[in-house]
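When a ligand or atom number is given, it counts from 1 through the structure's own listing order.
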Amino acid sequence: MFRAVNSFNRILMANGMRNFSALVQTKALVNGNWVNSSNNDVFEVKNPANGEVIGQVPNMTVADAQEAICAAKQAFESKEWRSMTAKDRSNLLKKWHKLIEQHTDEIAEIMTAESGKPINESKGEVMYGNAFVEWFAEEARRIYGEIVPSGAPNREIIVMKQPIGVAALITPWNFPMAMITRKAGAALAAGCTVVVKPSEDTPLTALAVAKLAEDAGIPKGVINVITTNKAAPIGDLFCKSPDVRGISFTGSTEVGKLLFRNAADGIKRVCLELGGNAPFIVFDTANVEKAVDGAMASKFRNCGQTCVSANRFFVQEGVYDKFVSQLKQRVEALKVGQGQSCDVQIGPLINKMQFDKVSAFVEDARSKSANIISGGKNIPELGSLFYAPTIITDVPPTAKLYTEEVFGPVASIIKFKDEAEAIQKANDTRRGLAGYFYSDNLQQVFRVAKRMEVGMVGVNEGIISAVEAPFGGVKESGVGREGSRHGIDDYVDIKYICMGNLKYD
Ligand code: ADP
């Protein structure tokens, strides 16, 4: 084990990073023990920027996942966890928050090594992800019930919120830490215990954060982490196991629908944060410079690999030329490269599947007469997963770039004439996660904000995620909300207690 960690560190250092052996875990976490998979199988974790294998983690089996569920159930029922007050749980989360804060740089380096994310963005994610731990440490003490005036004499109606039990958390690679803390923070605040199944592309960040949870004194079995590259049977187990009371998933719409269907039998609590197809509308009334700033932030952060990234830019005739030329200038100035250099703004795509998808979408648009005015090609000299930041205009509604989420650094631009047309086009999708528009006309701002069929609207703003605000979608983009005070709801049952025959006189 010692030798494995050392050789892992050598590779990480060769990838431009310092020695941080204490946080690099190469085992999964079940019931407070760092373990191999029961059949000793492992899988490799690669740096998408150069294809180098940076480590290996256990390839846990369904039986191992079952063990993790049992551990979480036992921990949930344990006196140690049950007898904790909200304040106790809050204090544990605060300790976890403090430790993550102290290890920001190390976690960010691990994140960049396994996801390719530019290091400054990785640091930003650690801070953002950690803000959920802090937020839910605060919220833990405010999970209020109600006393409702009764219609009957000598009776009291008491409503309390109780933790649902074991929650299974399935998370993606694009925010390897924040998607875990946004779920686990809320679950622990409510008094639940969890089994986390991180993405096979980014298990090391998950394990590092879990190690800090252990160091913070979070009792054994409360957080379990199952690493695997065979997600489907384990997802199926989460859906079928009567001991799992809730599933929280962030990822593709396709897998989300599958989990939703499979969880129906057990009537489980399901929170789904799925894909979007975000419209970004620039009206003639907009401040174009600000709109270009917002477009850059929304589209090119994390190489376009966020579910709230703008997917279709609708730009009104009067500002179209100005917007496109300013955006082109900014896009062509982006620095693409290996994530650990501080000046890099665009890293590689996460894996070959994503790379092939982005390339295919661009080729599809090209074949349908769209205009590629910037990029539109890979950058083999940087590595096999690098794709140039791209701008495509005149994207027709039949193009995949228009109908589906590209999840890459490609801005598709469509010209429109009037507000009604923009709203109709923006809403012409089965997805409804985020939407953005730029306008300095107050009447238009309220009109359009209300008409957009999305869960989150950015008005004159391209980055909208915040721990205090409810994150989530409408239509096929998901159910439930994460973050904010609503983020607790999926982890609590509402219980009504009828106190009868009270003697008041
Ligand atoms: P993406 O296309 O962004 O990788 P996925 O939905 O495939 O999105 O992955 C998100 C998370 O869901 C990852 O942790 C992945 O391992 C997991 N996953 C993939 N397929 C399944 C499945 N059938 N059941 C449960 N989890 C799954």
Side-chain angles (χ1 to χ4, degrees), residues 28 43-46 48 57-62 64-66 68-69 114-117 167-184 194-207 209-210 224-241 244 246-266 268 270-277 302-309 311 348-358 360-361 385 400 404-408 431 433 473 476-478 482:
F43 68 96
E44 292 175 337
V45 186
K46 290 186 181 163
V57 292
N59 201 4
M60 304 294 272
T61 64
V62 169
D64 299 331
Q66 178 58 54
I69 294 170
E114 66 179 355
S115 74
K117 190 179 280 206
L169 316 179
I170 304 177
T171 57
W173 47 264
N174 61 341
F175 288 94
M177 175 178 151
M179 296 304 96
I180 293 175
T181 50
R182 191 161 76 177
K183 298 177 193 303
V194 301
V195 179
V196 183
K197 207 249 22 105
S199 166
E200 51 276 36
D201 288 310
T202 55
L204 297 172
T205 305
L207 294 173
V209 171
N224 304 274
V225 182
I226 291 290
T227 51
T228 185
N229 68 5
K230 296 189 176 70
I234 289 181
D236 207 43
L237 172 71
F238 288 159
C239 292
K240 298 221 165 93
S241 166
V244 173
I247 297 175
S248 181
F249 170 80
T250 299
S252 62
T253 305
E254 186 195 3
V255 173
K257 285 183 181 182
L258 180 79
L259 293 170
F260 208 20
R261 272 194 293 270
N262 291 347
D265 234 16
K268 293 197 196 302
V270 181
C271 176
L272 302 173
E273 303 292 358
L274 310 178
N277 182 1
N302 203 12
C303 200
Q305 301 175 115
T306 92
C307 47
V308 290
S309 286
N311 203 51
L349 290 160
I350 185 74
N351 54 34
K352 181 154 184 335
M353 211 171 84
Q354 275 302 120
F355 178 86
D356 289 345
K357 179 182 166 191
V358 171
F361 275 30
L385 300 180
K400 287 204 167 110
E404 292 175 46
E405 189 181 31
V406 62
F407 233 64
R431 308 283 179 86
L433 192 58
E476 292 183 16
S477 284
E482 292 195 310

Ligand 1: protein N/O within less than 3.5 Å of ligand N/O:
| residue | atom | partner | partner atom | Å |
| --- | --- | --- | --- | --- |
| ligand 1 | 4 (O) | W173 | NE1 | 3.0 |
| ligand 1 | 6 (O) | S252 | N | 2.9 |
| ligand 1 | 6 (O) | S252 | OG | 2.6 |
| ligand 1 | 14 (O) | T171 | O | 2.7 |
| ligand 1 | 14 (O) | K197 | NZ | 3.0 |
| ligand 1 | 16 (O) | K197 | NZ | 2.8 |
| ligand 1 | 16 (O) | E200 | OE1 | 2.6 |

Please output the side-chain donor-acceptor pairs of residues 194-206 that fall under 3.5 Å, not counting sequence neighbours, one pair per line with the distance.
| residue | atom | partner | partner atom | Å |
| --- | --- | --- | --- | --- |
| S199 | OG | D201 | N | 3.0 |
| D201 | OD2 | N351 | ND2 | 3.2 |
| T205 | OG1 | E114 | OE2 | 2.5 |

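- Remark: K117 qualifies as a cation-pi partner of F175 under the 6.0 Å distance and 45° angle criteria applied to the six-membered ring.
- In this structure, the side chains of V308 and L433 come closer than 4.5 Å at one or more pairs of heavy atoms.
- Test W173, F361, F355 against F407 for ring-ring contact (aromatic ring centres under 6.0 Å, His included) and you get one pass: W173.
- Counting heavy atoms of neighbouring residues, nucleotides and ligands inside a 6.0 Å radius, atom NZ of K46 does not exceed 12 of them.
- A side chain to side chain contact (heavy atoms under 4.5 Å, CB included) with F249 holds for exactly one of V270, L274, L169; it is L274.
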